Amino acid sequence: MKLSKILSVLTLITGAIAISITSIWIGKQAYSWLPPQAAAESHLIDDLISFLVTLGAFIFLGVTSTLMYSVIFHRAEKGDLSDGPHIEGNVTLEVVWTAIPIMLVLWIAGYSSQVYEQMGIQGPTQLVHLHNPVGMESAYAAPQEGVMSEPVEKIDVIAKQWAWVFHYPERNVTSTELHLPSDRRVRLALQSEDVLHGFYIPAFRLKQDIIPSHTIDFEFTPIRQGQYRLTDSQYSGTYFATMQANVVVESDEDYHKWLAKIATQKPAPANNQAASEYAQTANEPVKNGWDTVVPAAPPVVNYSG
Amino acid sequence: MTNIPIDGLSLPAEKPHHETPGGWKEYFSFSTDHKVIGIQYLVTSFFFFLIGGIFAMILRGELITPEADLIDRTVYNGMFTMHGTVMLFLWTFPSLVGFANYLVPLMIGARDMAFPRLNAVAFWMVPVVGILLMASFFVPGGPAQAGWWAYPPVSLQNPTGNLINGQVLWLLAVAISGVSSIMGAVNFVTTIVKMRAPGMTFFRMPLFVWAVLSAQIIQLFGLPALTAGAVMLLLDLTVGTGFFNPSNGGNPVMFQHYFWFYSHPAVYVIILPVFGIFSEIFPVYSRKPLFGYKVVAISSLLIAVVSAIVWVHHMYVSGTPAWMRLIFMLTTMFVSVPTGIKVFAWVATIWGGKLRLNTPMLFALGGLIMFVFAGITGIMLSSVPVDVHVNNTYFVVGHFHYVLFGTVTMGLYAAIYHWFPKMTGRMYYEGWGKLHFWLSFIGTNLNFLPMHPLGLQGMLRRVSSYAPEYEQWNIIASLGAFLLGMSTLPFIFNMVISWMQGEKATDNPWRAIGLEWLVSSPPPVENFEKIPVVISEPYGYGKSEPLVAEEKGVGV
């Protein structure tokens, strides 16, 4: 009797260790499920995701292996119609499994808000909501090490059905490709001309809805040179899927060179997928779709990528 | 706890006193029998489930390649709007209301619902909602294309210029569905509070009844907000008021508050009865009492209370200040505490039992495993920084399909198989049931698991075309969707054939403990010849104690 108890405790400990090691391994894998880390914020978010995946894997494996153990070893024998033991509950056990989730929740929430604070993305501070005296200021934002903390001049981002237009006030030029200097905090002013849109660059892990008749400030720090995709994350109507733009992160020097170069270019209409698809369907002899909102005219820009 | 004397609540005098239900024609009539209405709900909603499923397969057909090449973008947008709307308002809500209708009066020892005619009216609004939504395919401009959440200003754009358009019909349908659900909620809460049999104290109620009570309380406080939002949007769209229209000075974010104030708790309205179903099924097929009954009962109410303060987690990135994001993160995460209690209680119920893996148990176990997975991704989504990345991506779609298909639909199937002998008086074919389970379990995971990596990589939801690097996972997801579609065939076959010529069922084929198993299969029109007097706790497995006085004992 005593030996069997020792054996089952040993089994339990072995199982717990196996599940812990597997969970830690799965948590490490989480990084490979994500796009390249192209903004300072992405490191913070990926660490948080990895942590949550580890914890989640532990819970999932713990629950399912217990269930599977029961399914395999606690089956009724053929012809055995009797009941199992009449166990109604266990106060200690119930208190423990209420307390553990509460502590976990506090832990996850604490870590998450810490990450959120470090991200320091500005976002809107009011809109329809009440003012709160203890609301977070963007000054809380802890700039990443090795990164210039002074944001570059605000870039205007204009979203419309279905195109992105970027306006650089420094040189008063426009582009349909978003160029950003690396390792500098950038500040965007997000605006929409018609419906809700969402500013989302998966490689940056950042997203912000754009609300018509409001300008929303948004700050972040690109840290990895390369080309990325900006997509519209808030459903914006018929040609929603086509509302994408290239994002080019380059050195500060290249960035200013690019600005200087496009300042000399004459504005011309940019290529626009929604407009060309719309023109194509309008020309088709048989219309098989339904009426759509007419796309905005292709934006006239200095640089169209 | 005092009990209301049943004699004080007499049934409508004109109600006919048949001994047996009146045949198949009864199901096409304005019947006031809660059991007929329950089956009417179940069959109607299953019909719409098939329609919503066909829409889903068309969507997945489009997404099998990166280009938008199968259907027009407008058709795609109409399809995903209708898929979401049909699955929520015409499948999950009505089917669970159907079960509640059928089971609650039987489980608490009542002869019918408190307001039988209101019950019938509430049901007959469901086909009206369905007809309105299906009719919208035939109006100029086609059905609504603004998604099931209909955010303005997209939902206010009316390119056809017609007063009668898909969006108007959609809003009318949602409003009527809301009215129907409010009627149902009033009826359920009254029935459960007032019509319990003598001895059926609150803490002797089966957990399904607790879950229905909690869910229907949410309907009472939440639905008015949604209905008000829908009416205001309807006014903006038809007569040009400016509640939400920014070009008229309105605020579109305000609509999101109205919408989510109900529509997040709505998830608990759907899932609580499924938790109730799990709590009924695990004890029967494990032959053990439900572990921690009281705590599980209270946790349902707690979920209902917390559900009122979580809605902003849908709006972390839609213009919400930091303090609000953080408060709602904490409240949202807190939901995991009462749900965690339930999960642990189910696992403890199964532990050390004498398990029988019949089809209902398989569906319940599969549903539980997928719910644990959904709960974990739910916690991830409630964390603001993670949500900032994955909001509106396929990660969210994967998460809520694990909730709504993996848990809710699997739970519904479990319930259909479990109570099928009671409802029809016949047994289903076990082999076909198991085939159905394995096809749906594999199909669900193939379909919805790939959505998580897609979302983490940044693939957005609601897109009709996507970048080529997302193609592989999408092919797997689409194949899973087609498998899931096929998995309904053995189910339909089994139900139809078994109902017509299945083996006759005994009154209590599972040897389950509960008032509904004490009456004949199918139950007589007024359920109980004599209202039972309950003398013991529910789930008395392993105790050999009678559930009711002066009746023959239950169990072994």
Side-chain angles (χ1 to χ4, degrees), chain A residues 33-35 45 48-49 52 56 59-60 63-64 66-67 70 74-76 83-86 88-89 94 97-98 101-102 105 108-109 112-113 115-116 119 124-125 127-129 132 135-136 195-196 202 205 207-209 211-213 231 233 235-241 288-293, chain B residues 72-75 141-142 147 151 153-154 157 159-160 246 251 253-254 287-289 291-292 295 317-319 321-323 326 329-330 333-334 336-337 340-341 344 347 350-351 353-356 369 372 376 380 383-386 388-389 391-392 453 456-458 460 462-465 541-543:
Chain A
W33 305 339
L34 292 153
I45 293 177
L48 179 62
I49 289 178
L52 290 174
I59 295 168
F60 183 76
V63 172
T64 46
T66 314
L67 276 176
S70 305
H74 296 160
R75 294 273 276 280
D83 284 354
H86 183 85
E88 289 190 324
E94 287 166 47
W97 75 39
T98 310
I102 291 176
V105 160
I108 297 170
S112 298
S113 41
V115 167
Y116 180 71
M119 285 160 64
T125 45
L127 292 177
V128 294
H129 304 291
N132 187 314
M136 255 194 249
V195 299
L196 299 175
R205 316 279 187 278
K207 187 180 287 127
Q208 174 62 52
D209 281 8
I211 292 140
S213 68
T231 54
S233 60
Y235 176 66
S236 60
T238 309
Y239 297 99
F240 166 61
N288 53 356
W290 290 300
D291 294 328
T292 80
V293 171
Chain B
D72 272 25
R73 292 191 194 273
T74 47
V75 178
Y151 278 3
V154 171
Q157 292 185 320
T160 60
N251 193 322
V253 178
M254 204 64 205
R287 316 252 19 115
K288 273 182 68 200
F291 195 92
V295 186
V317 296
S318 57
W323 65 269
L326 295 178
M329 170 167 76
L330 196 61
M333 285 181 183
F334 187 71
S336 67
V337 176
I341 289 172
F344 292 134
V347 173
I350 293 163
W351 184 261
K354 296 194 169 181
L355 268 64
R356 269 171 214 290
I369 288 171
V372 173
I376 287 161
M380 293 178 73
S383 166
V384 178
V386 179
V388 166
H389 174 43
N391 180 283
N392 274 351
L456 288 173
Q457 286 161 27
L460 291 163
R462 298 184 168 153
V463 287
S464 40
S465 56
Y541 298 95
K543 218 176 169 187

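These figures come from a predicted structure and were not determined experimentally. Just so you know, these numbers use all the heavy atoms, side chains as well, and skip hydrogens, waters and symmetry mates.
When the candidates B/Pro385, B/Gly458, B/Pro453 are compared by the number of heavy-atom contacts under 4.5 Å with chain A, B/Pro385 comes out ahead. Among the candidates B/Tyr541, B/Phe291, B/Phe334, the residue making the largest number of heavy-atom pairs closer than 4.5 Å to chain A is B/Phe291. Contact tally against chain A (heavy-atom pairs below 4.5 Å) for B/Arg73, B/Lys288, B/Arg462, B/Gln457: the top residue is B/Arg73. Heavy-atom pairs under 4.5 Å with chain A peak, among B/Val347, B/Val384, B/Ile369, at B/Ile369. Interface check for chain A: of the options B/Gly147, B/Gly340, B/Ser383, B/Ser336, the most heavy-atom pairs under 4.5 Å are formed by B/Ser383. Contacts with chain A were tallied for B/Thr160, B/Ile376, B/Ile350; B/Ile376 has the most, counting heavy-atom pairs under 4.5 Å. Chosen from A/Phe60, A/Tyr239, A/Trp97, the residue pairing most often with chain B at heavy-atom distances under 4.5 Å is A/Trp97. Among the candidates A/Ile59, A/Val63, A/Leu67, the residue making the largest number of heavy-atom pairs closer than 4.5 Å to chain B is A/Leu67.
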Determine, step by step, whether A/Ile49 and B/Met380 satisfy the side chain to side chain contact (heavy atoms under 4.5 Å, CB included) criterion, reporting the C-alpha distance in whole Å, the side-chain angles of both residues, the deciding distance to 0.1 Å, and the verdict.
CA-CA 7 Å; A/Ile49 289 178; B/Met380 293 178 73; 4.0 Å; yes

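A/Leu48 CG to A/Arg205 CZ: the interatomic distance, rounded to the nearest 0.5 Å, is 12.0 Å. The distance from the OG atom of A/Ser213 to the CG atom of B/Asn251 is 7.5 Å, given to the nearest 0.5 Å.
For A/Thr64, the part sitting under 4.5 Å from any heavy atom of chain B is the side chain, from C-beta outward, and nothing else. Proximity to chain A involves both the backbone and the side chain of B/Leu355, based on heavy atoms less than 4.5 angstrom apart. For B/Leu460, the part lying under 4.5 angstrom from a heavy atom of chain A is the side chain only. Interface residue B/Met329: only side-chain heavy atoms are found under 4.5 Å from chain A. Both the backbone and the side chain of B/Phe344 come within contact range of chain A, with heavy atoms under 4.5 Å apart.
A donor-acceptor distance shorter than 3.5 angstrom exists from the side chain of A/Lys207 to the backbone of B/Asn391, with no hydrogens or angles considered.
Judged as a ring pair (Phe, Tyr, Trp, His ring centres under 6.0 Å), and not counting sequence neighbours, the contacts of A/His74 are A/Tyr69, B/Trp351. Listed by chain and residue number, A/Phe240, B/Phe80 satisfy the ring pair (Phe, Tyr, Trp, His ring centres under 6.0 Å) test with A/Tyr235 (two or more places apart in sequence, or in another chain).
B/Pro289 has its side chain out of reach of B/Lys543: every pair of non-hydrogen atoms, C-beta onward, lies at least 4.5 Å apart. Side-chain atoms of A/Pro101 and B/Val337, non-hydrogen and from C-beta on, do get closer than 4.5 Å to each other.
Of all heavy-atom pairs between A/Asp83 and B/Gly542, the closest is OD2-N, 2.7 Å.
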